[in-house]
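Contents: one structure, followed by commentary.
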Amino acid sequence: MNALKQELEQLLSEALARLTGTLLPTAVDAKNIVIERTRDPANGDFATNIAMRLAKGAGLKPVDLAKAILDVLPASPHVVKCEVAGAGFINFYLAGDAQAQVVRQVHELGDAFGRNGSGGNKKVLVEFVSSNPTGPLHVGHGRHGAFGMSVSNLLVANGYQVQREYYINDAGRQMDILAVSIWLRYLEACGERFAFPANGYKGEYIRDIAANLLQKVDATYQRPEGELFGNLPADEPEGGDKDEYIDALVLRARALIGDDAFREILDLGLAAILGDIEQDLGEFGVHYDRWYSERSLAENGAIDRALQRLAKHDHVYEKDGALWFRATNFGDDKDRVVVRENGVKTYFASDIAYHLEKRERGFDILLDILGSDHHGYVARVRAALEAMGEPGESLEACLVQFVTLFRGGEKAQMSTRSGEFITLRELRGEVGNDACRFFYVMRGNDQHLDFDLELAKSRTNDNPVYYIQYAHARVSSVLRQLASKGHDYDGTLGLASLAQLTSVHETAVLTALAKYPEVITLAGANRAPHTLVHYLRDLANSFHTYYNAEQFIVEDAALRNARLALVLAVQQVVRNGLALLGVSAPETM
RNA sequence: GCGCCCGUAGCUCAGUCGGAUAGAGCAUCGGCCUUCUAAGCCGAGGGUCGCAGGUUCGAUUCCUGCCGGGCGCGCCA
């Protein structure tokens, strides 16, 4: 919170207290006492609409009430003028040197400027990406990674205790299909020839894993294709059902090579793909505190415990041989199966157990970053939490909309090289990590994202990443020039001379700097990194404008150092903001 | 059919608790480099905030109903 804003709210509430019992019938609720920044500097620096809010209850015209409030408003050295304007606004004009104090604050706090305790030290578990480990990450996952990481950083900056987690879907049918896909490619590498199943994983990376398997076990797991395909249902190209076919193939594979060998292949594939995902995200600056295995939930009995907890309160029932959770009692559309007729627990059962386990670890907020196509999950997981006696509000979801890649004006979802979906790695290679991280969080998460590859790559003035980074580099450049002109930056003199920063451009920069802590609070509270992106653009704009309008390195030592103190503060704030977004702040460009 | 999200300038999008003349970028047009990086700055044009009601001092913002777009509604994950 801005200190000046706080002071104004204090002054205002004192004035209102003085009127209580005379003009105002009752004491004014503190939450109605709001000071806002003005949009137009012509209306002062801050304003309040309090008179308009209270006029009706007081039986007065807003303008008259505003005047009455002004009459009893305590004086402050930081306020040079207050006036009634418009329909009854009260506008405050700040003293210049009061505004300049933000520069001192930035220099004192450095990297910590903007950090605050608004999160109240609450424990948050941010779960994001959690892509099925059946293949490399594509561009949609990249948005989740960038968004989840930036939100986590913002929460930390706002005084939350944050843990980041990747939930590994390493159990269930998809894993079996992965294993069988690898095995089939391995058989091909052994020289067998057959049609690859329609529902198998067909990516090139499966062949790479199969090649590793071959190198490791030689032909140990080779079986003739006659044994393999005899007596199976038809695959889709032959008019059959691809799901039935692949499930039968999984059973056949297990029968032929044994469960242990099948598991070995599965684990080999899982490790390879997960390793690739971890490396990819790591290079992208996306790091986790924990990689949480779905399989471990079954193995350590967490799923059974969760189901028992539901059963204990009579929130499950049997129907058609399956076990159902009575989700409709907790606001969901329909009841949900947790144990199938065949005795296998559903993915949803794991999900319940996982979220319960998060609560048991003491997290106040379970923040799930989900694809917008998963929005249906929120209600049912929340229902399950409530059924288990946990607060439903503890589960919070950010739904991230899809990414569409464009190259110029054309959609470009497919890689021209591989013919498959463009991977995150390809995208990073083409446009660079900085532009990727920036573009991914440039829009609100509930907005579809059009990602223009040409724009992200362009090194011209229409690329917003460079625009902000350039502001940072320019300050470094000014310091280099300063040295080459035989000057040193004198911080003590600069901070003592801040009162000289009175031009319109300097005032605009000061105002922008003062907003930063408010932006961090807001962006954190709303889980909205794009708010910070827009702010940094504005800050950079005010700086570039100032740069073009005035010379910083002037003869007058006091003025020179005051200006340098100001632009160094800009550099610090740009660096702080970009760090939260995971974007580098270069010294030169 | 039901549920969630979106609809704001030619395009892509901001817009906080309802507030003053609705803002950026791109694109278009016109200016600014012998002075700290022109990856920059300044200016101009461009709007029925999807439509229609309601709530009130005041609605892009809140409520209702439509229209248009995306997604989801499985004993898949």
Side-chain angles (χ1 to χ4, degrees), chain A residues 31-32 34 36-40 42-43 47 49 52-53 55-56 61-62 85-89 91 132 134 169 171-175 177 243 294 319-324 333-334 336-342 344-348 350-351 371-379 399 401-402 406 409 442-450 452 455 458-467 469-471 473-482 484-485 518-519 521-523 525-526 528 530-531 533-534 537-538 540-541 543-554 563-564 567 588-589:
Chain A
K31 78 173 173 22
N32 283 329
V34 179
E36 299 177 302
R37 283 190 182 279
T38 56
R39 201 158 33 200
D40 186 347
N43 293 323
N49 59 3
M52 289 181 281
R53 296 169 85 104
K56 198 171 190 182
K61 286 182 188 163
F89 290 99
N91 295 338
N132 277 346
T134 53
N169 298 123
R173 182 164 170 267
Q174 296 307 319
M175 285 291 100
I177 296 175
D243 286 305
E294 178 188 359
K319 192 182 91 183
D320 304 330
L323 191 68
W324 297 70
D333 294 343
K334 50 186 79 169
R336 308 287 174 178
V337 172
V338 286
V339 182
R340 297 204 286 265
E341 191 180 2
N342 62 11
V344 177
K345 295 172 186 89
T346 59
Y347 174 85
F348 177 50
S350 305
D351 243 14
S372 57
D373 54 334
H374 282 62
H375 68 256
Y377 278 94
V378 181
L399 300 172
Q401 293 285 351
F402 297 142
F406 285 86
M442 200 164 50
R443 306 293 178 224
N445 59 285
D446 51 10
Q447 200 70 237
H448 285 264
L449 179 65
D450 289 343
D452 189 330
L455 179 61
S458 73
R459 307 190 143 260
T460 61
N461 57 2
D462 45 358
N463 191 328
V465 193
Y466 293 120
Y467 184 86
Q469 289 181 320
Y470 186 41
R474 261 187 160 174
V475 176
S476 295
S477 171
V478 168
L479 289 187
R480 288 190 293 271
Q481 283 296 323
L482 183 72
S484 76
K485 289 181 180 176
E518 298 162 36
V519 168
T521 308
L522 186 69
N526 294 344
H530 75 277
T531 307
V533 171
H534 286 274
R537 212 255 152 218
D538 287 346
N541 180 38
F543 169 76
H544 288 310
T545 301
Y546 179 34
Y547 181 96
N548 272 272
E550 294 179 53
Q551 195 75 14
F552 307 151
I553 305 174
V554 292
R563 286 179 173 172
L564 290 171
V567 298
T588 59
M589 290 184 74

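Letters A, B, ... are given to chains in the order of the sequence lines, protein chains preceding strands, and every chain is numbered from 1.
B:C49 and B:U8: their C1' atoms are spaced 4 Å apart (whole Å). Comparing B:G74 with B:C67, their P atoms are spaced 25 Å from each other, to the whole Å. B:G19 and B:G23 have their P atoms separated by 13 Å, with the value rounded to a whole Å. For the P atoms, the distance linking B:A20 with B:U34 amounts to 43 Å, nearest Å. Here, B:C17 and B:G30 have their P atoms 43 Å apart, quoted to the whole Å. Taking the C1' atom of each, B:C41 and B:G25 are spaced 15 Å apart, rounded to whole Å. Using atom C1' as the reference point in both B:G18 and B:C62, the two lie 8 Å apart (nearest Å). Taking atom C1' in both B:A9 and B:G46, one finds a spacing of 6 Å when rounded to whole Å.
Between the side chain of A:Asp538 and the base of B:A14, no donor-acceptor pair of N or O atoms lies under 3.5 Å. A donor-acceptor contact under 3.5 Å is not formed by the side chain of A:His448 with the base of B:G69.
Base contact: A:Asn43 has a heavy atom under 4.0 Å from a base atom. Contact annotation for A:Gly88: no contact, since no heavy-atom pair falls under 4.0 Å across all strands. As judged by a 4.0 angstrom heavy-atom cut-off over every strand, A:Arg173 is placed among residues touching the sugar-phosphate backbone only. Here A:Gln447 lies in heavy-atom contact (under 4.0 Å) with sugar-phosphate atoms only. At a threshold of 4.0 angstrom between heavy atoms, the contacts of A:Ala322 include nucleobase atoms, whether or not backbone atoms are also involved. At the heavy-atom level, A:Arg537 lies under 4.0 Å from the strands shown only through sugar-phosphate atoms. The residue A:Asp450 sits close only to the backbone: its heavy atoms come under 4.0 Å of sugar-phosphate atoms, none of a base. Looking at heavy-atom distances under 4.0 Å, A:Lys61 makes no contact with the nucleic acid at all. As judged by a 4.0 angstrom heavy-atom cut-off over every strand, A:Thr588 is placed among the base-contacting residues. A:Gln174 comes within 4.0 angstrom of sugar-phosphate atoms only, judged by non-hydrogen atoms across all strands, and of no base. Here A:Lys319 lies in heavy-atom contact (under 4.0 Å) with a base. Heavy atoms of A:Asp320 sit under 4.0 angstrom from at least one base atom. Looking at heavy-atom distances under 4.0 Å, A:Ala379 makes no contact with the nucleic acid at all. Within 4.0 Å of A:Ser372, counting heavy atoms only, lie sugar-phosphate atoms of the nucleic acid but no base atom.
At the phosphate of B:C76, OP1 or OP2 sits under 4.0 Å from a side-chain N or O atom of A:Arg340. In this structure, A:Asn49 does not reach the B:G18 phosphate: none of its side-chain N or O atoms is under 4.0 Å from OP1 or OP2. Proximity of A:Tyr547 to the phosphate of B:U35: no side-chain N or O atom is located under 4.0 Å from OP1 or OP2. Dashed line: the shortest gap from a side-chain N or O of A:His530 to OP1 or OP2 of B:G15 is under 4.0 Å. Of the side-chain N and O atoms in A:Lys334, none sit less than 4.0 angstrom from OP1 or OP2 of B:G3. A sub-4.0 Å separation between OP1 or OP2 of B:A38 and a side-chain N or O of A:Arg474 is present.
Stacking of the aromatic ring of A:Phe89 onto the base of B:G19 is not found under the criterion of centres within 5.5 Å and planes under 30°.
Toward the 5′ end of RNA chain B lies the nearest nucleotide of A:Thr38, the other residue of the pair A:Thr38 and A:Glu341 mapping further downstream.
Partner assigned to B:A59 is none, using Watson-Crick or G-U wobble distances below 3.5 angstrom. B:G65 and B:C51 make up a base pair, with Watson-Crick or G-U wobble contacts both under 3.5 Å.
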